[in-house]
Amino acid sequence: QVQLVESGGGSVQAGGSLRLSCAVSGYTTSRNSMAWFRRAPGKEREGVAIIYSRGVTTYYVDSVKGRFSISLDSAKNTVYMQMNSLKPEDSGMYYCAAEDPLYGPIWWRDVRFGYWGQGTQVTVSS
């Protein structure tokens with residue numbers, strides 16, 4: 001059974017940093033694409049960052065480019081997202097997602113995502 005467990009969220013002031021972690025079990029992260037999504041209050045879920053299979057290529061939504069960095073530790077089967085220079089508009093629930101190439105119902109950046117964590121809250125105050 002695939003399980004994704006996020007951690008690392010919290011409350012910070014604008015300009016601060018957080019590092020999100022997503023510990024994965026029952027699934028080989030290095031062979032698949034992984035991503036972070038977020039949902040702000042009153043807004044739709046949006047993809048934030050993706051690391052494609054084998055962990056070489058990444059993509060970031062424009063609003064976080066240069067501030068966020070997604071990475072993969074294959075040995076620990078864990079995905080991270082370092083978030084620097086946080087802004088109030090970065091606030092929201094952050095979800096880790098894993099590729100399900102056959103049945104994943106959510107498409108983003110040409111990848112089907114079908115496994116999700118429970119989310120971790122990020123709150124940035126001005």
Has [X] got a side-chain atom pairing as donor or acceptor with [Y]'s backbone, closer than 3.5 angstrom?
{"X": "Ser85", "Y": "Gly15", "result": "no"}
{"X": "Arg19", "Y": "Gly8", "result": "no"}
{"X": "Glu6", "Y": "Gln118", "result": "yes"}

Test item: [X] and [Y] side chains (from C-beta on) under 4.5 Å apart, heavy atoms:
{"X": "Arg38", "Y": "Val64", "result": "yes"}
{"X": "Val122", "Y": "Met83", "result": "yes"}
{"X": "Ser125", "Y": "Gln13", "result": "yes"}

Any chance you could measure Lys76, atom NZ, to Cys22, atom SG, to the nearest 0.5 Å?
14.0 Å
Go through the structure and list residues passing ring-ring contact (aromatic ring centres under 6.0 Å, His included) with [X], not counting sequence neighbours.
{"X": "Trp116", "result": "Phe37"}
{"X": "Tyr115", "result": "Tyr27"}
{"X": "Tyr80", "result": "none"}

Relative to the ring of Tyr59, is the ring of Trp108 parallel (under 30°), tilted (30 to 60°) or perpendicular (over 60°)?
perpendicular
Going through the checks in order, is the side-chain hydrogen bond (donor to acceptor under 3.5 Å, both in side chains) test met by Asp73 and Thr78?
CA-CA 5 Å; Asp73 186 331; Thr78 299; over 6 Å; no
